*Asks:* 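Before I ask anything, here is the structure I am working with.
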Amino acid sequence: LKEVVTPDMIDNLALEHFPPCMESIHLNLRKNHHIKYGGRLHYGLFLKGIGLSLEDAVKFFRDEFIQKLAPEKFDKEYRYGIRYNYGKEGKKVDFSPYGCEKIINSTPGVGDAHGCPFKHFDWTNLKKFLVRKGVGDEVLQNIESLVEEKNYSKACGIYFTVRHPSHQISDEGITHPNTFYAESRKALQ
Ligand code: SF4
């Protein structure tokens, strides 16, 4: 049975179990009370994938966005996109969360929150992020080499291993943010 995730759980889950791409969008959203379209799409679908209901997704984004804009503006401009992710608007497709390949090949512009930190952050910012999460010098060097080789999935896999040393994951590394999350949940159960 799929777990139900509610908005009040998200801060802790982000800290403990989200992959860097999704934790980074989450932090951005909390800081700026807003994220642009790509972030809403990538993050909205990821949250749907981990068990946030449509109703709670609207509540989660609305509570954050209305700290900076009028509730009516949120209802007019942003509610639709969240409902769209859940297949309730437009083409009514029940979209799946994006895998790493799609995220790595996306092209975030200035001010965008989405993307794969291993690919899209410059090394200074990536290093800052990883150090904050407890990654030590030796592993940082290892990750830096993998990033230079453009082996982002493997770099993310190494990061996962640092976070969960006793939990085995596939040799190819991480290929889907929702797999990272699911494995992380399993590891810390
Ligand atoms: Fe996210 Fe995948 Fe990049 Fe890891 S490799 S940060 S899961 S996009």
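Note that ligands are numbered from 1 as they come in the structure, with each ligand's atoms numbered from 1 the same way. In this text, all values refer to a predicted model and were calculated from it rather than measured experimentally.
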*Asks:* Can you name the residues that form a side-chain contact (heavy atoms from CB on, under 4.5 Å) with His33, not counting sequence neighbours?
*Replies:* Glu64, Gln67, Lys68
*Asks:* Listing by chain and number, what protein N/O/S atoms are under 2.8 Å from atom 3 (Fe) of ligand 1?
*Replies:* Cys116 SG
*Asks:* With a cut-off of 3.5 Å and sequence neighbours excluded, list every side-chain donor-acceptor pair involving residues 99-107.
*Replies:*
from	atom 1	to	atom 2	distance (Å)
Asn105	ND2	Glu101	O	3.1
Ser106	OG	Ile103	O	2.6

*Asks:* With sequence neighbours excluded, give me every salt bridge (charged side-chain N to carboxylate O under 4.0 Å, His left out) pair touching residues 144-170.
*Replies:* none
*Asks:* Assign the ring pair Phe46 / Tyr43 to parallel, tilted or perpendicular, where the plane angle (0 to 90°) is split at 30° and 60°.
*Replies:* parallel
*Asks:* Measure up the Phe180 and Tyr159 rings against each other and bin them: parallel (under 30°), tilted (30 to 60°), perpendicular (over 60°).
*Replies:* parallel
*Asks:* Is the ring pair Tyr181/His17 parallel, tilted or perpendicular, if the boundaries are 30 and 60 degrees?
*Replies:* perpendicular
